[in-house]
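Note that ligands are numbered from 1 as they come in the structure, with each ligand's atoms numbered from 1 the same way.
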Amino acid sequence: MFETVADLPFSIQKLMNKAHEARDKAYAPYSSFKVGAALQLKSGEIITGNNQENAAYPSGLCAERVAIFYAGSQHPEATIQSMAISAKSMNSKITKPVAPCGSCRQVLAEYEVNQNSLMELYFMGESGKVLKSNSVKDILPLVFDSKFL
Ligand code: THU
């Protein structure tokens with residue numbers, strides 16, 4: 001846990017800033033809850049995404065999946081080193097880290113397993129502490145993956 005963004009390594013501060021920027025462009029007219037995600041590839045490239053809601057509510061998608069599916073579609077061979085996630089509610093000030101939902105954990109896990117190296121995750125609210133997880137597997141114990149199929 002980091003007390004503030006300023007305590008993060010500089011490269012992660014930059015990544016979190018990209019997540020903030022993406023978050024502010026989210027399409028969240030129904031929940032008023034905006035989320036941004038920024039992925040750092042091994043090549044140095046940063047890919048971002050944000051939540052995209054829909055009038056048919058379940059058709060919307062979380063920021064983390066928008067970002068990682070885009071990364072997967074554009075850079076299928078890339079290794080994702082880290083992901084920063086930032087959440088902001090239009091109704092209240094979120095000062096606690098917001099962790100990815102279960103469906104996003106499952107999707108992120110697929111990429112982590114396939115790339116054979118761990119993905120660091122950093123998540124936060126609008127301000128306040130930043131929680132770090134060293135890997136997706138740490139926040140998804142007993143993962144279901146293709147080895148079961
Ligand atoms: N949301 C995300 O984008 N990421 C998460 O990990 C949690 C939830 C979005 C989905 C929906 O658009 C809004 O936040 C409220 O659930």
Between the main-chain N or O of Gln40 and the side-chain N or O of Gln81, is there a donor-acceptor pair closer than 3.5 Å?
no

Give a yes or no answer on whether the side chain of Asn50 reaches the backbone of Lys25 with a donor-acceptor pair at less than 3.5 Å.
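Yes, Asn50 side chain to Lys25 backbone: donor-acceptor pair under 3.5 Å.
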
Name the closest protein heavy atom to [atom], giving the residue it belongs to and the distance to 0.1 Å.
{"atom": "atom 9 (C) of ligand 1", "answer": "Asn51 ND2, 3.5 Å"}
{"atom": "atom 16 (O) of ligand 1", "answer": "Phe33 CD2, 4.7 Å"}
{"atom": "atom 12 (O) of ligand 1", "answer": "Glu53 OE2, 2.5 Å"}
{"atom": "atom 4 (N) of ligand 1", "answer": "Glu64 OE1, 2.8 Å"}
{"atom": "atom 3 (O) of ligand 1", "answer": "Ala63 N, 2.9 Å"}
{"atom": "atom 1 (N) of ligand 1", "answer": "Cys62 SG, 3.6 Å"}

With heavy-atom distances below 4.0 Å as the criterion, list the atoms of ligand 1 near Pro100.
6 (O)

Using a strict 4.0 Å cut-off to heavy atoms of Cys101, name the atoms of ligand 1 that fall inside it.
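Listed by number with element, the hits are 6 (O).
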
I'd like to know whether ligand 1 has Cys104 as a neighbour, heavy-atom separation below 4.0 Å.
no

Within-shell test, Gly60 vs ligand 1, heavy atom, strictly < 4.0 Å:
no

A side-chain contact here means heavy atoms from C-beta on lying under 4.5 Å apart; do Val130 and Met16 qualify?
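Touching, per the 4.5 Å side-chain cut-off.
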
Are Ser31 and Glu53 close enough that a side-chain donor and a side-chain acceptor fall under 3.5 Å?
yes

Determine which pairs satisfy ring-ring contact (aromatic ring centres under 6.0 Å, His included) with at least one residue from residues 30-80, sequence neighbours left out, and list them in order.
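Non-adjacent pairs meeting ring-ring contact (aromatic ring centres under 6.0 Å, His included): Tyr30-Tyr57.
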
Quick one: side-chain hydrogen bond (donor to acceptor under 3.5 Å, both in side chains) pairs with a partner in residues 91-103, sequence neighbours left out?
none

Determine, step by step, whether Glu112 and Asn114 satisfy the side-chain hydrogen bond (donor to acceptor under 3.5 Å, both in side chains) criterion, reporting the C-alpha distance in whole Å, the side-chain angles of both residues, the deciding distance to 0.1 Å, and the verdict.
CA-CA 6 Å; Glu112 185 173 85; Asn114 286 352; over 6 Å; no

